[in-house]
2 protein chains.
Amino acid sequence: MGSDNATIYDIASEAGVSIATVSRVLRGEANVSPATREKVRQAIERRNYRPSSIARGLTSKTTHSLGIILPKLLNPHYAMIFTGAQEEARTHGYTMSLFPWASLDTDAYNPAAMLIERRLDGLIVCVEYLPPDHDELVHDALKTLRRFMPVVLIGCIPPWYDFPSVANDNAAMTRKTVAYLTGMGHDRIAFIGGVQEDTDPRRRDVGYQQGLRDARLPYTASYRVFCKGTAEAGKQAMDDMLQSLKPCYWPTAVIALNDLVAMGCLLSARERGIDVPGQLSVIGCDDLFCAPYLSPPLTSINTHQQRTGARAVQLLISGEQKRETVDWELIERASCAPNREAAPT
Amino acid sequence: MGSDNATIYDIASEAGVSIATVSRVLRGEANVSPATREKVRQAIERRNYRPSSIARGLTSKTTHSLGIILPKLLNPHYAMIFTGAQEEARTHGYTMSLFPWASLDTDAYNPAAMLIERRLDGLIVCVEYLPPDHDELVHDALKTLRRFMPVVLIGCIPPWYDFPSVANDNAAMTRKTVAYLTGMGHDRIAFIGGVQEDTDPRRRDVGYQQGLRDARLPYTASYRVFCKGTAEAGKQAMDDMLQSLKPCYWPTAVIALNDLVAMGCLLSARERGIDVPGQLSVIGCDDLFCAPYLSPPLTSINTHQQRTGARAVQLLISGEQKRETVDWELIERASCAPNREAAPT
DNA sequence: GCTTATAATGAAAGCGCTTACACAAAAAAG
DNA sequence: CTTTTTTGTGTAAGCGCTTTCATTATAAGC
């Protein structure tokens, strides 16, 4: 009953066998006679015994536990990644623990220590857009960690990071998004979000410019506004852009870094009485759960984040050293419409 | 350099001391001479040594890892709880792992085994509204788990569950919410969400009815609609209610189980051209990050979910057996307004 | 029936720590 | 200076498993 902490010894003596035999039954090894197996099974049942994964880990050098580092779980984008990763991990018998981004900071009292001491079997790191000065630091931290455990990256990974990874092809994605809008007759297309100083050729910015070029549209610096990936920042950035331009130069469409930024844009537009999608189309990214409930419902790109998380776990477990790309899907809702004032050139 | 897996023996020999001494330095014990301590420190530094929490756990019978069981991380409500819990855990040197709700199902291939085998130092379980038939099962599962590790509950806990817990006083909260609305002259107040068959006297339903009684308003069954706590369900429930009533009987205000349901209500209203808050006030609960960006911005109750998660961790660590209540805060936004058609009685 | 291959089991040595306990060296007390 | 404390270190016994290796019981081969 209350034998909540029986050990393998207890089971062995209760079943009248050696601990080696119990261990064999536990791990389903073949060479145990059916009779013995049954005896052991019953003893286990009777004592409600569960082997300690701790002790097991000491011997086997494997903990069956994975870690994930995220910037912010409150952002549903990351919650989706986590969910996908956690579920996949679980189906393989792994546990998933969350570590804050600060775990990478090698300053202070080396918090990465916590990661290493845990002897994780693998670590997923979700990398956000990084300012260049931070870039090197993070890279170093990752390289250190890799000496202790396999690491798989998710997100916006600078190409010179030599790590297995799972990500969307942001450049291609944004390029096609621009094409989608130009196809609707939009010619003043803004892009809001991201960091300015950046050298990664696979970023959204690049796709944005490619998209403009594809449509032979000019690149207008005023339409390229940088901000963090939050709703507040998006609101602010949109406010700033609109305020800085005469209304006749306002964009006819806005591509937001993500849905949070898009939400900020929508609010900014609403406050100014700009009709979406009548006067302005808005398109987000990540297809958050709230996208269909915004006003108007937000067109967004479903980046298959759960699948991304799941694939990262698979890479971790299989040890494959691939850099993988996850596809995406444009979810059309009411926030995008053909440009009414499209001038027949 | 590559000595990524030095053991305490390596450090001992490198520093020319015994492993006991290394252990002492590691744990900051007092009785080590400064000279020795320094020698050991340097050896540790040189070999980049981090003690294995696994081995440590075997001896100390403590893993410094906690678990949390949530219905769904994609619901930001739970993401906030998780975040609060994780951060608090971290400050105490604990790791936090996520387990899906299914971990409690004692059917199937007893998944709770995973929890037990991990030898967690504690477990937080977020309990949702449970249908009565499920209630007993969950209770049993929890009681089983408690034999193996401390358990703290969060959320809607039936009062006969004898577990330490952290929760809002839902009844009082909803009662005051009704008062807030009646104070604005609303007299047809609907409540959407939750499960029907329920006997817990501390639920929102109860507060809702108390609130009506306080204002001497009739309890109108048609205004009490049950649905799950999702946006889709909220939309459907609102649609059904509105459709089943002549517009002149439509509620003037609706209290939603949570912000997701409220989002569904807002959408339903929008589709029907019902002006919020002109004709209908809507009030949610949880104050999700998107609440300010809805149209209109949603009045909601901030239930201090991060603090709830943090408190749960504190109870777990301290071993206190309290049932705690977390306070809350009404965040007023544009979705609620005085009832225009308030009849001067 | 006796030898050899095969299957079933146990004894024992770790895995990398913590923690009595023992013991030597240094400090305080007489 | 001894004697008693105090302080600093080392030895060794676990913690609860896995795993090699040796050993015994059983089946197969001739």
Side-chain angles (χ1 to χ4, degrees), chain A residues 3-41 43-44 47-65 93 113 116-121 148-149, chain B residues 3-41 43-44 47-65 93 113 116-121 148-149:
Chain A
S3 56
D4 304 333
N5 25 32
T7 74
I8 200 172
Y9 288 95
D10 300 325
I11 304 304
S13 73
E14 178 132 355
V17 299
S18 75
I19 60 165
T21 301
V22 176
S23 177
R24 290 187 186 105
V25 173
L26 245 31
R27 282 169 306 112
E29 274 188 25
N31 44 352
V32 178
S33 77
T36 309
R37 186 181 301 277
E38 191 49 33
K39 267 195 307 185
V40 173
R41 267 214 173 55
I44 289 177
R47 301 292 304 265
N48 213 315
Y49 167 73
R50 300 273 172 257
S52 157
S53 69
I54 300 300
R56 189 171 271 181
L58 227 208
T59 315
S60 66
K61 307 283 210 178
T62 156
T63 56
H64 275 259
S65 62
I116 299 170
E117 290 175 2
R118 294 286 165 178
R119 300 294 193 261
L120 302 176
D121 282 352
F148 295 90
M149 65 193 79
Chain B
S3 57
D4 303 332
N5 25 32
T7 73
I8 199 169
Y9 288 96
D10 299 326
I11 303 304
S13 74
E14 177 130 356
V17 300
S18 75
I19 59 166
T21 300
V22 177
S23 177
R24 288 185 189 108
V25 173
L26 244 32
R27 283 168 307 110
E29 273 188 26
N31 43 351
V32 178
S33 77
T36 310
R37 186 181 301 277
E38 192 47 33
K39 267 196 305 184
V40 173
R41 271 222 165 68
I44 289 176
R47 301 290 306 265
N48 213 316
Y49 166 73
R50 301 273 173 256
S52 157
S53 70
I54 301 299
R56 190 170 272 183
L58 227 210
T59 314
S60 66
K61 307 284 209 176
T62 156
T63 56
H64 275 259
S65 63
I116 299 171
E117 290 175 3
R118 293 287 165 177
R119 300 294 193 263
L120 302 176
D121 282 351
F148 295 91
M149 66 193 78

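Chain A is the first sequence line, chain B the second, and so forth, proteins listed ahead of strands; every chain is numbered from 1. Bear in mind that the values here come from a model prediction, so they are computed numbers and not experimental data.
Atom P of nucleotide dG16(D) and atom CZ of R56(B) are separated by 18 Å, given to the nearest angstrom. Here dT19(C) presents its P atom at 13 Å from CG of L58(B), a figure rounded to the nearest Å. Whole-Å rounding puts the E38(A) CD to dA8(C) C1' distance at 17 Å. As a whole-Å value, the separation of I19(B) CD1 from dC15(D) P is 16 Å. Taking atom CD of residue E29(B) and atom C1' of nucleotide dT7(D), one finds them 13 Å apart after rounding to whole Å. E117(A) places its CD atom 10 Å from the P atom of dT18(C), with the value rounded to the nearest Å. Between R24(A) atom CZ and dT19(D) atom P the separation is 11 Å, expressed in whole Å. The distance from atom OH of Y9(B) to atom P of dC17(C) is 9 Å, rounded to the nearest whole Å.
No engagement by S53(A) is indicated, since no non-hydrogen atom pair under 4.0 Å with the nucleic acid exists. Among the atoms of the strands shown, none is found under 4.0 Å from any heavy atom of I54(A).
Taking 4.5 Å as the limit, some side-chain heavy atom of R47(A) sits within range of a side-chain heavy atom of I11(A). Contact of the I44(B) side chain with the R41(B) side chain is not registered, since no non-hydrogen atoms from C-beta on lie closer than 4.5 Å. Looking at heavy atoms from C-beta onward, S53(B) lies out of side-chain contact with H64(B) at the 4.5 angstrom threshold.
Y49(B) has a side-chain polar atom (N or O) that falls below the 4.0 Å cut-off from OP1 or OP2 of dC17(C). Using a 4.0 Å cut-off, some side-chain N or O of R27(B) falls inside it from OP1 or OP2 of dT19(C). OP1 or OP2 of dG10(C) lies within a sub-4.0 Å distance of a side-chain N or O belonging to T21(A). For the OP1/OP2 pair of dG16(D) and a distance below 4.0 Å, the side-chain nitrogens and oxygens of K61(B) include at least one atom meeting the criterion. Within the structure, every side-chain polar atom (N or O) of T7(B) is placed at least 4.0 Å from both OP1 and OP2 of dC15(C). Look at S23(B) and you'll find a side-chain N or O under 4.0 angstrom from OP1 or OP2 of dT18(C). In this model, the phosphate group of dG16(D) is not approached by any side-chain N or O of S52(A) to a distance below 4.0 Å at OP1 or OP2. An OP1 or OP2 oxygen of dT9(C) is reached within less than 4.0 angstrom by a side-chain nitrogen or oxygen of S33(A).
Place P34(A) and A20(B) on DNA chain C by their nearest nucleotides, and P34(A) ends up nearer the 5' end. Mapping V32(B) and A55(B) onto DNA chain D via the closest heavy atom, the residue that lands nearer the 5' end is V32(B).
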Q: Under the side chain to side chain contact (heavy atoms under 4.5 Å, CB included) rule, what do Y49(A) and L26(A) come out as? Steps first, then yes or no, please.
A: CA-CA 10 Å; Y49(A) 167 73; L26(A) 245 31; 3.7 Å; yes
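Minimum atom distance to the side chain of N31(A) is reached by dT9(C), of the listed dT19(D), dT9(C), dT11(D). Distances were taken from every side-chain heavy atom of T59(B) (C-beta onward) to each of dT19(C), dC17(C), dT9(C); the shortest belongs to dC17(C).
Closest heavy-atom contact between R119(B) and T63(B): O-OG1, 2.9 Å.
A donor and an acceptor atom, one from each side chain of R56(A) and S52(A), are nowhere located under 3.5 Å apart.
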